[in-house]
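Here is the structure we will look at, set down as structure tokens.
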Protein chains: 2
Amino acid sequence: MKEPIGIKQIAKLAEVSIGTVDRVLHNRGGVSKITEQKILDVIRKTGYRKNTVASRLRLGTHKKVRIACLVPEAASHWKYWQFPKRGMDRAAAELHDHGIELSYFYFSEPSAFLERSKVILDKGFEGIVTVPFFTAESNALLRGAQVNQVPVVFLDTEVSLDFPGWFICQHAHRAGEVAGRLLQGLVGLGGIYLVLNIINAKGLHENNRQRESGFRKFLNTHDKKEIAEVVTINYPLDQPLETMPGMERLLLDKRRKGVFVTNSRAYMLPPVFRHYGVTGIPVVGFDLNEENLECLRREEISFLINQKPEYQGYHAVRGLFKFLTEKDASGLHVDIPVEIVVRENLHLV
Amino acid sequence: MKEPIGIKQIAKLAEVSIGTVDRVLHNRGGVSKITEQKILDVIRKTGYRKNTVASRLRLGTHKKVRIACLVPEAASHWKYWQFPKRGMDRAAAELHDHGIELSYFYFSEPSAFLERSKVILDKGFEGIVTVPFFTAESNALLRGAQVNQVPVVFLDTEVSLDFPGWFICQHAHRAGEVAGRLLQGLVGLGGIYLVLNIINAKGLHENNRQRESGFRKFLNTHDKKEIAEVVTINYPLDQPLETMPGMERLLLDKRRKGVFVTNSRAYMLPPVFRHYGVTGIPVVGFDLNEENLECLRREEISFLINQKPEYQGYHAVRGLFKFLTEKDASGLHVDIPVEIVVRENLHLV
DNA sequence: CTGAAAGCGCTTACAG
DNA sequence: CTGAAAGCGCTTACAG
């Protein structure tokens, strides 16, 4: 209801021109201490807030906010990366008239990540969205970005790095606890729970490690009598799952309760079950890829946890834009919900 | 990458002034057929899209988009209505510089709803957000709104009305199916499932009816042998739940499996269980009110389904604004996800 | 039926 | 150190 205070009214109240007000607002210097103080007083008293629409009209048409997205090659990783990309594109479309320009860079190897990082920094992008798959290279990126105060947002995984960066991802430990809750709800306590991790040359992915840890924590907390046993199988992608050491013994053990797959490949389980002729073993996994969804529809998987990759990409771009144009980092503090998906809410998530 | 086409370039290409272009763009009339056609051709060929930022700067400061929110008195309905209100306020804050003005109107009785509706229509609001609690009165509102083509968005419940309106709410039947999935997962098929509905002078709330129907459908579909039995208790709010006819018999029956509460009062169950000295009965309910959350934390409720009321309010206002300013109704087609909440993802939803 | 001009609030290049 | 002016793209009131 209060009168809209603009830069013009500030200028009048402080008895200066709007140019001088702007100099103070943007710390452009060249203003005497006394005038500056007078203007700052008026700004404080009136509670002036810049009109972002006018600001973006003026600025956005001249020089766009340029954001670089350094993402895994779209085809890899089960097309998972199309989702964040879609979210980023959607955000950019919404902000088109505000003056935004998204550029994509792709990598698969660490060396490409490093090389593209350099290009991005050289080209003077104002913000970067990427993924912390390679720790050393992510640190190198952050080190370079720090020089020009370029904000970097990491999606998907939270890892510990040497310089400050933003993370928009799901709390993996919590997601593991949720998985524990869901499985335990289905089968009760006691018996043997199987955790399936993918392992590669670099060892366990941080998300998988955290998820397993959360899962174990849930069972330990809820199982006062220590009658539940959690067994982990770390399997490399290039080996057939059904012949992994321990698999046969576990599946045929009468005490086996359910399986928690810490990655996106829960759909690999049902064929293994069929191979050993076992039925009725609940599976909880991650991600809404087509293979998993098909299993969910056929009721071969009980629950999937969604990391909302599109949502992650969308908020990364919107959050960065807000930060860059309004110095407001609130849009970069988003907790990705641990969204539980069953067959019946599949089309509504 | 393509050159930004503005009204100025359209004018130049069509060899007219920008005023004439604007007349065509807004169907303001007073343009010869031949000029109009020439301009339309250029617009089509260039793929011109109006710059919404410039448009809002010009328009928003002169006349704001005025939206009326006709909502239940905030204190009633377990403070549930604070959430959509919060979402609407958040949307309005984000759109402040674009020129939006939200006005709240409150009702509790149908008569007040009707009276406020008239006021809203008289005052010439451009869009309305409300709730279809009273069918006849909602129809009256829609009838009045239709005259001036004022769009009306209903939250919370989808009902059948006599005139077209928008609905932003959860698919209640699906939510019931999800509840069926969750309960059946916990206790398996067979035995007696209890459905608890609140009933008042107007009978069953549409959402509750749909949720029960979805729940029953799930059990019927999955229970080929018809060994599961669903029993409904419709209870009026002014009577003690534990003495409702059938309650004692059901709870003490060995075959009883779990309880589905179709409204926000799942928290009333645990005391009833204690009253009869029964334990370990799973409960699935709706809404994240403090009482329910406390039960979830104490593991007296297994699952809560969130209708995301804040999200509903937020999207109603954003969707209406987009529709009113860009003739784009896409923001009014939102399916509210059936969000499943357990103790472990509570703080992240 | 059409055009020229003013202005939304902010930003900056230029003149002094 | 400060002000006056131009302009972002769109919209409208006014003049012809």
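Every chain is numbered from 1, with letters handed out A, B, ... down the list of sequences. All of these numbers come straight from a predicted model, not from anything done at the bench.
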N51(B), nearest nucleotide to its side chain (from dA13(C), dC10(D), dT11(C)): dC10(D)

d(CD, E15(A); C1', dC1(D)) in whole Å: 17 Å

Short side-chain N/O contact to dC8(D) OP1/OP2 from K8(B), under 4.0 Å: yes

Pair partner, dA13(C) [Watson-Crick or wobble, under 3.5 Å]: none

Interatomic distance, K63(A) NZ vs dG7(D) P [rounded to whole Å]: 18 Å

Whole-Å gap separating P (dT2(C)) and CD (Q37(B)): 13 Å

Side-chain donor/acceptor contact of R56(B) with base of dG9(D) under 3.5 Å: no

V16(B) side-chain proximity, nearest of dG3(C), dT11(C), dT12(D): dG3(C)

Which nucleotide in dT12(D), dG9(D), dT2(C) has an atom nearest any side-chain atom of L59(B): dT12(D)

Presence of salt bridge, D41(A) and R44(A), under 4.0 angstrom: yes

Minimum-distance nucleotide to L57(B) side chain [options: dC8(D), dT12(D), dC8(C)]: dC8(C)

dT11(D) OP1/OP2 closer than 4.0 Å to side-chain N/O of S55(B): yes

Gap between atoms CZ and P, on R49(B) and dG9(D) respectively (whole Å): 16 Å

Of the listed nucleotides dT12(C), dT2(C), dG9(C), the one nearest the side chain of T61(B): dG9(C)

Atom-pair distance (CD on Q9(B); P on dG9(D)), nearest Å: 7 Å

Presence of T35(A) side-chain N/O under 4.0 Å of dC1(D) phosphate oxygens OP1/OP2: no

Stepwise side chain to side chain contact (heavy atoms under 4.5 Å, CB included) check, M88(A) with V71(A): CA-CA 11 Å; M88(A) 297 187 228; V71(A) 293; 3.8 Å; yes

d(NE2, H98(A); P, dC10(C)) in whole Å: 16 Å

Selected nucleotide, minimal atom distance to R58(B) side chain, candidates dG9(C), dT2(D), dG7(C): dG7(C)

Short side-chain N/O contact from S17(B) to OP1 or OP2 of dG3(C), under 4.0 Å: yes

Pairwise side-chain contact, E15(B) with K38(B), heavy-atom cut-off 4.5 Å (strictly under): yes

Between dC8(C) (P) and I5(A) (CD1): distance, integer Å: 15 Å

From dT11(D), dT2(C), dC8(D), nucleotide with atom closest to H26(B) side chain: dT11(D)

Closest nucleotide among dA5(D), dC10(D), dC8(D) to the I18(A) side chain: dA5(D)

Distance, rounded to the nearest Å, where R28(A) contributes CZ and dG3(D) contributes C1': 12 Å

Test item: side-chain donor near acceptor, D89(B) and Y104(B), under 3.5 Å: yes

Nearest-nucleotide 5' precedence on DNA chain C, K33(B) against L25(A): K33(B)

Q9(A) and Y48(A) side chains, donor-acceptor separation under 3.5 Å: no

N or O in side chain of T20(A) less than 4.0 angstrom from dG3(D) OP1/OP2: yes

Any side-chain heavy-atom pair of V131(B) and F154(B) under 4.5 Å: no

S32(B) side-chain N/O to dT2(C) phosphate OP1/OP2 under 4.0 Å: yes

